[in-house]
There are 2 protein chains.
Amino acid sequence: MEQRLKDNRERILKAARKLVAQGGFRAASVSAVSKAAGLSTGAIYRYFPSKSALMVEILTHAVSHEVDVLREITARADSSTDKLAAAVRSFGTRALEGRNLAYAFIAEPTDPEVEAARIVGREDFGDVFKDLLHEGIDRGEFPAQSVDVTAACIVGAFTEALVRPVAPTTLPEAAEPDLVEKIVVFCVAAVRRA
Amino acid sequence: MEQRLKDNRERILKAARKLVAQGGFRAASVSAVSKAAGLSTGAIYRYFPSKSALMVEILTHAVSHEVDVLREITARADSSTDKLAAAVRSFGTRALEGRNLAYAFIAEPTDPEVEAARIVGREDFGDVFKDLLHEGIDRGEFPAQSVDVTAACIVGAFTEALVRPVAPTTLPEAAEPDLVEKIVVFCVAAVRRA
DNA sequence: TCTATTTGTGAACGGCGATTCATTATTTTG
DNA sequence: CAAAATAATGAATCGCCGTTCACAAATAGA
């Protein structure tokens, strides 16, 4: 049945995503993925030409989805300040829900092919913030500033503040209350007077 | 001669540091280190119980040195705002001088032992900023805020803005002019909540 | 049903990096 | 200057990983 083939492909993607979410790319070896998907290692290669291709697909898919969410959310707010706050809040909240996955996609180094895909995703991401900053500067809501540097600082601030601390273990960890809101305040203050 | 033993140990550390600075931990294999140090792979194990131990020593040594520099620099400024600016500026400038080394120490994932050392160093680092923030809040220079979150955001902001972009290759890359100053402005504005 | 094609298996392969260890060179000591 | 101790060597070992492939099972088409 051709349906089963679709299902298998989906199961592989899902299993790989789960493993990356739990332990980063390092935990997603082909044998681990195949085991989690209930298939043999060889079977993986009937669905993906290489491990890198599998990882790239996971990454680009997740990133483009997140970028869509971000664009939609910013479109809803009126002022640039609100847009910025909403974007940081949304991204922060969503990243918190899947910390290790976010870490893997944002920061964890891997082989060159995946790295290239990461760079592209990172740029798509940064573009959302850059557009938003440009608009705010044009409107006079934000003072003139280097949007590239500011965008990098914003991404870095919440990456560090809520994604990084998890790197080694898989602790659920009671997050500091209002963590995301605090980061929002930090970023908004920085942008409005940077 | 016992002096030669000291020298060998030092040469190993130096060679390893250089390799990490050039290509991250990934480039610092035992055989590469031994070659660079002019010794055999086996010899490394007369001086260090494992590769991890060698890397941990490099990391903790470098971090404690950087923390010293930071403490000294902040001690020289008067206002908390100046201390903060000086700390961010100094750390940023120094990190830029050795981007890959900074990247490896701040962000590149490795084995659990090195990771543990990194976390400790990261905390020592954060403490400098936290002390500084507490003082500024007490003096009324900064509004009340979560020093933990703010410190993380600051470290993240410049990590992302000047260390990360280097991750894959060893490009010298003309850095954006005044990059460090822009980051300083960003961080100061964020902390002062202006 | 029987054959042809597609899908799945998992042991085997090749590469790489950390670690060990029998052996050799060097230094110390009596 | 021998003999014992110490240091250095680097090929071999081990473990892990991605990938392949000869074969087995399942499915499709006649």
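Throughout, a chain's letter reflects where its sequence line sits, starting with A, and its residues are numbered from 1. For the numbers below, each heavy atom of this structure counts, side chains included, while hydrogens, waters and symmetry mates do not.
If you check every strand for non-hydrogen atoms under 4.0 Å, A:Thr41 touches a base. A:Phe48 comes within contact range of no nucleotide atom at all, as no heavy-atom separation falls under 4.0 Å.
At whole-Å resolution of the value, CZ in B:Arg46 and C1' in C:dT27 are 13 Å apart. Distance B:Lys51 NZ to C:dG17 C1': 8 Å, rounded to the nearest Å. Rounded to an integer number of Å, the gap from CG of A:Asn8 to C1' of C:dT6 is 13 Å. The distance from atom CG of A:Asp7 to atom P of C:dG8 is 11 Å, rounded to the nearest whole Å. Rounding to whole angstrom units, CD of residue B:Glu113 and C1' of C:dA18 are separated by 12 Å. The interatomic distance linking B:Leu54 (CG) with C:dT19 (C1') rounds to 14 Å, in whole Å.
Between A:Ser40 and the phosphate of C:dG10, there is no side-chain N or O to OP1/OP2 separation shorter than 4.0 Å.
Residue order along DNA chain C, read from the 5' end via each residue's closest nucleotide, puts A:Leu39 first among A:Leu39 and B:Ser31. Comparing A:Gly42 and A:Arg26 by the nucleotide of DNA chain D that holds the closest heavy atom to each, the one mapping nearer the 5' end is A:Arg26.
For A:Glu66 and A:Arg94, the salt-bridge test passes: some basic side-chain N is under 4.0 Å from an acidic carboxylate O. For B:Glu135 and B:Lys130, the salt-bridge test fails: no basic side-chain N is under 4.0 Å from an acidic carboxylate O. A salt bridge does not link A:Asp111 with A:Lys51: every distance from a Lys NZ or Arg NE/NH1/NH2 to an Asp or Glu carboxylate oxygen is 4.0 Å or more. A:Lys6 has no carboxylate O lying under 4.0 Å from a charged side-chain N of A:Glu10, or vice versa, which leaves the two without a salt bridge. Checked for salt-bridge contact, A:Arg9 and A:Glu57 meet the test: a charged N lies under 4.0 Å from a carboxylate O. Ionic pairing of B:Arg71 and B:Asp131 is present here: one or more N-O contacts between side-chain nitrogen and carboxylate oxygen are shorter than 4.0 angstrom.
Using five terminal pairs a side, the axes of the helix from C:dT1-D:dA30 to C:dG30-D:dC1 at its two ends make an angle of 10°, given in steps of 10 degrees.
Within 6.0 Å of CG in A:Asp78 there are 12 or fewer heavy atoms belonging to other residues, nucleotides or ligands.
Residues A:Phe186 and A:Phe158 keep their aromatic ring centres 6.0 Å or farther apart.
How far NZ of B:Lys14 is from CD1 of B:Ile58: 13.0 Å, rounded to the nearest 0.5 Å.
Think of the region where chain A sits on DNA chain D: with heavy atoms and a 4.0 Å cut, that region ends 5' and 3' at D:dG18 to D:dA28.
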